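Please read all numbers here as calculations on a predicted model, not as lab measurements. Numbers restart at 1 for each chain; the letters A, B, ... are given by sequence-line order, proteins then strands.
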Amino acid sequence: MFYFVRRGRCLDSIDLKGQPLDLDLTLGCGQAFRWRKREDGVWYGVVRDRLIELQVEGNLVYWRTYPDGGRELIVDYLRLTDDVNAANRWLSERDPHIAQLVERFHGMRLLRQDPTEALLSFVCSAANSIPRISAAIEVLASLYGELVCEKRGVCYYAFPKPERLAALEPGVLNVQGSLGFRGENLRMVAQQIVDQSEGWLLGLRNVPYACAHAELVAVRGVGPKIADCVCLFSLDKDEAVPVDTHVRQLAHRLFLPDLKAKSITNAVYRRVVDAFRERYGELAGWAQQYLFYEDLLRSRA
DNA sequence: CGTGGACCTGCATT
DNA sequence: CAATGCAGGTCCA
């Protein structure tokens with residue numbers, strides 16, 4: 001915090017009011033791909049049209065944006081008006097294992113990301129590793145994103161608009177960022193977003209989960225997993241459960257001992273989702289994120 | 001409805 | 001050093 005103050009301009013803070021926020025967990029748990037942590041412990045990343053710097057000290061989150069004036073953006077993105085304590089209590093009462101993870105990963109939150117960025121980002125995530133997804137997205141932003149700011153000689157770019165990606169020649173995205181076969185998927189999904197009416201994707205925040213999910217999987221190149229990522233990380237659908245290889249395996253271990261399948265068919269996907277929904281109801285997505293991250297750490301060990 | 005393969009690429013393991 | 005496996009999937013036969 002003192003470092004922040006010395007750096008000078010436009011320091012501000014937001015009172016967390018007793019609600020937990022751990023940036024290492026929230027920004028590093030695999031739900032967003034554009035955040036990095038500086039040597040001095042400050043997290044920075046581009047959200048929409050701003051570069052944001054964040055640091056938590058005690059019950060305050062210190063922040064700065066370039067250009068400035070991004071307070072509302074931060075409150076919205078970090079979901080700072082949510083009652084996370086209540087959610088964690090509710091989950092903990094239902095499952096002692098989750099209660100343990102709530103302690104261990106205290107302050108891990110779900111974000112409210114931009115739906116277009118979330119959709120296009122997770123298209124890049126198919127059978128890919130998290131470091132490579134992040135690297136690819138930075139390449140895309142620097143090539144096709146609008147300049148957000150320049151700070152200490154470094155340029156920061158917004159996530160590319162779908163119009164820009166859709167207009168590219170087929171094939172160029174396969175090479176750029178080493179996207180491989182995901183490149184063509186990305187271009188096609190971008191085109192389909194453009195083809196929809198303005199505000200279509202954002203409007204899915206105002207419809208029920210099942211409806212939003214159905215509209216997303218109707219997009220070519222978007223399956224149930226990516227659709228659920230978009231629902232959970234950007235559309236306020238806290239009951240959404242993205243089922244990937246990690247989640248399938250941990251569901252098998254914890255809930256569904258007779259789940260023999262080694263691949264995720266539609267039926268398997270539904271069974272895993274139902275198991276989560278049955279146990280964690282409207283907050284199944286939060287439970288998923290705790291369990292997913294535990295499994296991620298385990299697999300990296 | 002379930003299964004197997006194709007799709008790109010780079011890093012890790014054998 | 002070559003071969004194989006694998007990574008927050010989706011589509012198709």
* Asked: Base, sugar-phosphate, or nothing: which does F122(A) touch, judged by heavy atoms less than 4.0 Å apart?
  ->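 Nothing, no heavy atom under 4.0 Å.
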* Checking all strands, does C124(A) fall into the base, sugar-phosphate, or nothing category for heavy-atom contacts under 4.0 angstrom? ->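 If one applies the 4.0 Å heavy-atom cut-off, C124(A) turns out to touch nothing in the nucleic acid.
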Taking atom [atom1] in both [N] and [M], what distance in whole Å separates the two?
N: dA7(C); M: dG2(B); atom1: C1'; value: 24 Å
N: dT10(C); M: dC11(B); atom1: C1'; value: 23 Å
N: dC11(C); M: dG10(B); atom1: P; value: 24 Å
N: dC6(C); M: dC7(B); atom1: C1'; value: 15 Å
N: dG4(B); M: dG5(C); atom1: P; value: 15 Å

* **5′-ward residue of the pair R182(A)/Y269(A) relative to DNA chain C** =>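 In this pair, the answer is R182(A).
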Protein-nucleotide distance ([X], atom [atom1]; [N], atom [atom2]), rounded to Å:
X: N185(A); N: dA6(B); atom1: CG; atom2: P; answer: 17 Å
X: M188(A); N: dC7(B); atom1: CE; atom2: C1'; answer: 12 Å
X: R300(A); N: dA7(C); atom1: CZ; atom2: C1'; answer: 12 Å

* Determine, stepwise, if the pair Y293(A) / F105(A) fulfils ring-ring contact (aromatic ring centres under 6.0 Å, His included). => CA-CA 9 Å; Y293(A) 193 57; F105(A) 301 138; 5.1 Å; yes
* Report the hydrophobic cluster partners of L147(A), with the cluster defined as I, L, V, M, F, W, Y residues connected by side-chain heavy atoms closer than 4.5 angstrom, directly or transitively. =>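 When side chains under 4.5 Å apart are linked, the cluster holding L147(A) also contains Y157(A).
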* Side-chain-base donor-acceptor pair under 3.5 Å for R132(A) and dT9(B) ->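 Check passes, donor-acceptor contact within cut-off.
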* Asked: Short question: side chain of Y269(A), backbone of P224(A) - any donor-acceptor pair under 3.5 Å?
  ->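 Yes; at least one donor-acceptor contact below 3.5 Å.
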